[in-house]
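For the single chain, residues carry numbers from 1 onward in sequence order.
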Amino acid sequence: FMGYGSKKLNVDVSFPGKLDLSRFTDPDNRDDLVYRLYGAVHHFGSSNGGHYTAGCMQQACDPSSSWFDFDDSHVRESSYQMQQGKSAYILFYKRMQLAAQR
């Protein structure tokens with residue numbers, strides 16, 4: 001949204017499935033700073049109204065887990081790639097365990 005909420009930005013949004021924040025922290029304290037995307041909220045419409053949907057992994061942070069889209073009473077299988085785009089509004093990341101990163 002721009003200004004005082006008068007206009008919704010309508011640009012493609014790309015974001016990583018695996019987010020490593022270690023380069024932004026103290027080099028001596030970089031353990032467990034990798035996060036995996038497990039959900040996204042999508043908004044379709046304008047800043048004055050619209051419709052929200054969600055995409056979520058079946059098992060959070062399991063890279064082999066399936067993605068699903070939730071739209072009111074409808075659920076369908078999806079993918080990480082289908083979470084990308086102009087509608088991405090809120091992203092959910094979960095911190096990965098250090099042993100799982102190896």
Side-chain angles (χ1 to χ4, degrees):
F1 296 98
M2 294 182 351
Y4 297 101
S6 61
K7 184 176 179 187
K8 179 181 174 183
L9 295 176
N10 194 24
V11 296
D12 280 328
V13 177
S14 70
F15 40 88
K18 187 175 176 183
L19 181 63
D20 185 353
L21 299 179
S22 61
R23 66 181 183 180
F24 301 108
T25 61
D26 180 358
D28 297 327
N29 189 22
R30 291 190 171 177
D31 292 344
D32 293 333
L33 293 174
V34 177
Y35 296 79
R36 173 140 340 252
L37 180 74
Y38 71 93
V41 173
H42 300 271
H43 179 260
F44 301 93
S46 70
S47 60
N48 296 322
H51 182 70
Y52 292 91
T53 65
C56 189
M57 291 179 83
Q58 185 176 14
Q59 297 288 325
C61 297
D62 177 355
S64 65
S65 181
S66 297
W67 278 87
F68 289 89
D69 283 335
F70 301 86
D71 185 353
D72 294 333
S73 63
H74 303 286
V75 178
R76 63 184 168 99
E77 196 160 1
S78 184
S79 67
Y80 162 73
Q81 291 80 9
M82 291 181 67
Q83 305 309 311
Q84 304 284 326
K86 296 177 182 181
S87 65
Y89 183 66
I90 301 173
L91 305 175
F92 295 89
Y93 284 88
K94 181 176 180 180
R95 187 182 239 177
M96 297 172 60
Q97 297 297 322
L98 185 59
Q101 294 176 29
R102 296 183 181 147

Do Tyr52 and His43 have ring centres separated by under 6.0 Å? yes
With sequence neighbours excluded, give me every salt bridge (Lys or Arg N to Asp or Glu O under 4.0 Å) pair touching residues 65-77. Asp69-Arg76
Can you name the side chain to side chain donor-acceptor pair (under 3.5 Å) partners of Ser64, sequence neighbours left out? Asp62
Distance in Å, Asn10 CG paired with Ser46 OG, rounded so as to fall on 0.5 Å steps: 11.0 Å
Distance from Tyr80 atom OH to Tyr38 atom OH, nearest 0.5 Å? 16.0 Å
Is there a path of hydrophobic side-chain contacts, each under 4.5 Å between heavy atoms, that joins Phe92 and Val75? no
Arg95 side chain near Leu33 side chain, heavy-atom distance below 4.5 Å: yes
What are the two closest non-hydrogen atoms of Met82 and His42, and how far apart are they? O-CE1, 4.5 Å
Under a single-linkage definition using a 4.5 Å side-chain heavy-atom cutoff for Ile, Leu, Val, Met, Phe, Trp and Tyr, are Tyr89 and Val11 assigned to the same hydrophobic cluster? no
Hydrophobic cluster identity match, Met57 and Val41, side-chain contacts under 4.5 Å: yes
Using the side chain to side chain contact (heavy atoms under 4.5 Å, CB included) criterion, which residues pair with Phe15? Sequence neighbours excluded. Val13, Leu37, Gln83, Gln84, Ala88, Leu91, Tyr93
Using every non-hydrogen atom in the two residues, find where Phe70 and Cys56 come nearest and quote the distance to one decimal. CE1-CB, 3.9 Å
When Ile, Leu, Val, Met, Phe, Trp and Tyr are grouped by side-chain heavy atoms lying under 4.5 Å apart, directly or through other members, which residues fall in the same group as Phe44? none
Met96 side, atom CE; Leu19 side, atom CG - distance, nearest 0.5 Å: 11.0 Å
List the residues meeting side chain to side chain contact (heavy atoms under 4.5 Å, CB included) with Gln81, not counting sequence neighbours, and say none if there are none. Ser79
When rounded to the nearest 0.5 angstrom, what distance separates OG in Ser66 from CD in Gln58? 5.5 Å
